[in-house]
Each structure stands twice: as structure tokens, then as C-alpha cells.
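See below for the structure under consideration.
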Protein chains: 2
Amino acid sequence: MSESLRIVPQPMRRQVEEGLRAAIVNGRFAPGEHLPDRVLCDLFGASRSVVREAVRLLEAEGLVTVQPNRGPFVAHLSPEEAAQIYDVRGVLEALAGESFARHATDGERAELRAVWEDLATRGPGASREDLLAIKRRFYDVLLAGARNAYVARMLDQLLNRNMQLRATSLSDPGRLAWTVKELKRVLDAIDRRDPDETFIACREHVQRAADVALRLLATHSPSPDAEPPS
Amino acid sequence: MSESLRIVPQPMRRQVEEGLRAAIVNGRFAPGEHLPDRVLCDLFGASRSVVREAVRLLEAEGLVTVQPNRGPFVAHLSPEEAAQIYDVRGVLEALAGESFARHATDGERAELRAVWEDLATRGPGASREDLLAIKRRFYDVLLAGARNAYVARMLDQLLNRNMQLRATSLSDPGRLAWTVKELKRVLDAIDRRDPDETFIACREHVQRAADVALRLLATHSPSPDAEPPS
DNA sequence: ATTGTCAGATTGACTGACGATCGTGTAGAA
DNA sequence: TTCTACACGATCGTCAGTCAATCTGACAAT
């Protein structure tokens, strides 16, 4: 853990990339919205080269889709895509949990349980932001203990991709209690050093979250907002 | 399936991107090799803007790593990373198989079995290229029938990432017979419409391939080639 | 031998420019 | 009035050139 002390001046490109990503996942840009590079340029005060490179990265992450000769658009999340994302999230999170059960240190296990207890003691009055932040910490600890950089990167992408849906599903009344109960099963499996059971518990947890989110998505907004291109 | 007939002139950027990716996965560039954008420019006859955007995409895929102020390098695959990639591949392929068992049409099931029979009837004298091509077709059919664009994209990335290892493990004498037998278990599970068994069979297949590849990697080249930077 | 300095090479970023392409609105014809 | 064709604007794709910051390696000085 000899963390390098050298400071790296964050390149302009990375600032644009992170700013744009944050703006998209926080909903400051509506899905389907057109983002001409001109407006991105003077929004971030950067040149076209920088903006275009940043857009390429977000395109690879799936957050924006670039139509030829028309430019970048905020990606639209259809119910089918959402279901697919949850499927992938399920197996990746299951793998992360399984790896955590295998490789995590005692300190990391204790830390994960601490985060869970933080979540469990929140009343139902907690704000969406708080809940998302706690779940974020949960994932951070989980992925750190899983010792697998690839599953961490891919899961990060997927969590960014369906941030809006997670916010809605977390705000569902009564969902918090189920989340706490499902995660307890994960924690118990981890403490019993049972990777297989951890795998199953994690995947099932995501499946439940997907059911809630997709049900909300189907009933609450039967007709999506922006135009599905082509 | 009304595929649009209109041809879109592939942008220069995409040509550079695909050419560079092909050059890396085919081993025309050694791992750890430095790729100054100057040489990429007159190698592809493109301007710096185009090359840099293409490099961004490959960076997001993990095929190249860009060191600040030093430029892009062909990514180096450590044994630990290889093991992590195989872990992720295992669950993603398992999910793809499970989805295939759930959603594929009868035609797709027959097609998958045809590809498998093609692989099974090859004698041990088949060339690496042929075997890789057949496995490629197997994956294409599998992913098409899985009805999940995300698992397809991520699996594609991972397969590109460890192409070299796959080539070595496929060339291992006797491995072909085991591969055929393991895939038969997958096919049988699919034909029995048993998603859970398909999941397990796929994951185990990848695990076996990982064991072979990592064993070869450990014994055949105990000290990697290029310098691990920093 | 260690340190300091300098030149060359390379990246990061910006700017201006040009043609190609898409969408749209308008003018003209039926 | 309705429909078609064309022109126009907006935007993208690409390029070339410039400048500053940084790294590398060699060479000189202590």
C-alpha cells in the first residue's frame, strides 16, 4: 500500500470528462438531449479537441451515443436495456461478493458490516442522496476487498449507467427494509466464509432491486420522454 | 431484421481505431511498446486529432494505457490481471449462456450446435487460426441468442483483452478434446432448456480454460517481457 | 560519482479553417 | 391548398499549424 506521493496535475480532458459524466448521471441533462460540441466547449471552457476526446470516453461507457454527422446525445435508457443492465449487474456484483468472501481481510469485513449497520439504522426518513451515498460506500468497500480491478471498472460503469433507476427504486417506500434484509444475508454469508452463498445472495439482491425499478419504470412512465432515434 | 442497405462511409477515426485494435490483439505490437502519436499518424495517414480520439477508445477498452506526458503504451497483461479477467469472463459467459437457454430460437440453437460439431470434427491438426475462428463464431451465435447487448459488448472487450492467452491455451495439446467435451455439456443443458445448468457449465468451461492458460503463463514465461512501469 | 544544465522529443491543448452531411424551412409548381 | 425541390444554416469530421509544459538522455561541472 505504498501510495505514490507524486501529484499529477489533472489534465483538462479529465476534468471535462468527469464534469460531463457527473452532469449526465445527476440528471442535469435530460436523456435524449443533444449536446453539440460547441455548447460543451464554452460550457467547460475547453477546445473542441478536448471535448471530443472526452465524449469518446463517455461513448465507450455508454453514457452518450454519437450519431454520425449529428453529434453526441445523452443516452436513452429503454426498459429492455435497463433489464439487460440489471442482469449484468447481478452477475458482476455476485462475482464481487464471492471474491470478497474469499479475499477480504478481517478489517475489510468489519468495515463492510459497519456500512451496513449505518444503512440499517437509518429510519425511513433518510433522503435519497444519503441512501445513495451509503450504498456507494458499500460498493467501494466491497470492490476494494474483491481484489479484481476489472469487475470494479465494469460495475462502476453499470452503476453510472442506471443511476436514475437506482434513485427511483431506493426511494420506493418499504424498499429500504428489504434492501437491509437482503444485504444482511450477504454479510452473513461473507462472515461464514461461504463464497457460493454470497454469490447467490448478491445476485438475488440485484434481482429484487431490478424487479422494483422495472416495475416503477413500467407503471410510472409508460411512454418515455425523448424520441427513440430511428 | 430489415438491415439497412445504405452504406455509411466508415469515418477515418473508426478505421484507425479498428486497425490499431487489430494490430494490438494480433500481437503486431509487443506489450509495453510505446506508441507515440507521431508514428501512429503516418502509420495510418491520419491527423493527430483522429489518432488521439481512437487512442482514447482503446484506452477505455483497456488495450492501451496512457501515461501522462508520455503517451500511449500497449497494455501489459500481468498474471494477476489475467486471472481477474478470466473470473469476469466466467460470470459474463455464464450469463450469456443462461440467457441463450432462455431466449434463443430453435434456429439459433441449431446453429450453435452446428458450430460445435464443426469444432468437434476438427482433428488435433487444426491450426490456431481456424480454432480461434470457430470459437469466434460460437461466441457470435451465443451472444446473438442471448438478447443482451451489454453482456455482448463487455465480453467482446474481454475477449480482445486476453487474445494472446486464448491462442496459447487453445494450442495446448489435448485441450481441444476437453473444450469439445465441456461445450457439449453446455449444449446439452441448453437443449434441455435448463438455464441454471447452462450457467454452471459455461462458468466451469471458462474456469478450465483459465487454469490451462494461467499454468502455461506461469511456467512458460516466468519473467514477463517489458518493464512494468513505475 | 554525483549533480546541474541544456537540447531534443513528445505530449497537452488551442486555434482557425475547409468540405461534407443532415435538418429544416421556404419558394415554386401542380 | 398541398406537395415537391432547392437552398440555407447548423453541426460534424478532419486537417494543419502553433505554443507551452514535460520528459529523456547526454554532456559538462563540481
Side-chain angles (χ1 to χ4, degrees), chain A residues 4-21 23-24 29-60 63-76 226-230, chain B residues 4-21 24 29-30 32-60 63-76 226-230:
Chain A
S4 157
L5 286 189
R6 55 170 307 178
I7 56 120
V8 273
Q10 285 290 43
M12 180 83 56
R13 180 188 63 257
R14 202 158 298 278
Q15 298 182 37
V16 175
E17 170 200 334
E18 290 170 2
L20 188 51
R21 175 168 26 227
I24 291 181
F29 293 137
E33 188 171 344
H34 191 181
L35 302 175
D37 52 10
R38 171 60 198 245
V39 313
L40 295 182
C41 277
D42 48 49
L43 180 58
F44 290 104
S47 71
R48 280 222 300 163
S49 341
V50 176
V51 167
R52 288 173 60 86
E53 288 183 29
V55 167
R56 288 302 156 215
L57 280 192
L58 298 212
E59 180 190 16
L63 284 177
V64 304
T65 65
V66 177
Q67 299 186 26
N69 291 311
R70 303 238 294 126
F73 293 77
V74 178
H76 185 266
E227 78 295 344
S230 134
Chain B
S4 155
L5 285 189
R6 55 169 312 178
I7 56 123
V8 273
Q10 285 289 45
M12 182 82 59
R13 180 188 62 256
R14 202 160 297 279
Q15 297 183 37
V16 175
E17 169 200 335
E18 290 170 1
L20 187 52
R21 176 170 24 229
I24 291 180
F29 293 136
E33 188 172 342
H34 191 180
L35 302 175
D37 52 10
R38 173 60 196 247
V39 311
L40 295 181
C41 277
D42 47 49
L43 180 59
F44 290 104
S47 71
R48 282 220 304 164
S49 336
V50 176
V51 167
R52 289 171 62 86
E53 287 185 29
V55 167
R56 288 305 154 214
L57 278 194
L58 299 211
E59 179 190 17
L63 284 177
V64 304
T65 63
V66 177
Q67 299 186 27
N69 289 314
R70 303 235 297 128
F73 293 77
V74 178
H76 185 269
E227 77 295 343
S230 130

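A, B, ... follow the sequence lines: proteins, then strands. Residue 1 opens every chain.
Rounded to whole Å, atom C1' of C/dG12 lies 15 Å from atom CD of A/Glu17. Here C/dT11 presents its P atom at 10 Å from CZ of B/Arg70, a figure rounded to the nearest Å. What separates CG of B/Leu35 from P of C/dT10 is a distance of 13 Å, to the nearest Å. The interatomic distance linking A/Arg48 (CZ) with D/dT11 (C1') rounds to 8 Å, in whole Å. Atom CE of A/Met12 is separated from atom C1' of C/dT11 by 15 Å (rounded to the nearest Å). With rounding to whole Å, B/Asp37 atom CG is found 16 Å from D/dT14 atom P. In this structure, CZ of A/Arg38 is placed 14 Å from C1' of C/dC14, rounded to the nearest angstrom. One atom, CD of B/Glu53, and another, C1' of C/dA13, lie 14 Å apart when rounded to the nearest Å.
B/Glu53 places no side-chain N or O within donor-acceptor distance of the main-chain N or O of B/Val50, the cut-off being under 3.5 Å.
Put simply, the residue from B/Val64, B/Val16, B/Leu35 that forms a side-chain contact (heavy atoms from CB on, under 4.5 Å) with B/Leu58 is B/Val64.
At the phosphate of C/dA13, OP1 or OP2 sits under 4.0 Å from a side-chain N or O atom of A/Arg13.
Where A/Gly45 and A/Asn69 each meet DNA chain C at their nearest nucleotide, the meeting point lying more 5' is that of A/Gly45. The 5' end of DNA chain D is approached more closely, in terms of each residue's nearest nucleotide, by A/Val39 than by the other of A/Val39 and B/Ala46.
Scanning all heavy atoms of the two residues, the minimum distance from B/Ala46 to B/Val51 falls at CB-CG2, 4.3 Å.
For A/Arg52 and D/dT14, a side-chain-to-base donor-acceptor distance below 3.5 Å is absent, hydrogens and geometry of angles not being considered. Side chain A/Arg14 to base C/dG12: no donor-acceptor pair is found below 3.5 Å.
Under 4.0 Å is where a charged nitrogen must lie from a carboxylate oxygen, and between A/Arg21 and A/Glu17 at least one such pair does.
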Before you tell me yes or no, could you show the steps for B/Arg38 and B/Arg48 under side chain to side chain contact (heavy atoms under 4.5 Å, CB included), namely the whole-Å CA-CA distance, both residues' side-chain angles and the distance that decides it to 0.1 Å? CA-CA 8 Å; B/Arg38 173 60 196 247; B/Arg48 282 220 304 164; over 6 Å; no
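With distances taken from any side-chain atom of A/Ser49 to the nucleotides C/dT15, D/dG13, D/dT11, the minimum falls on C/dT15.
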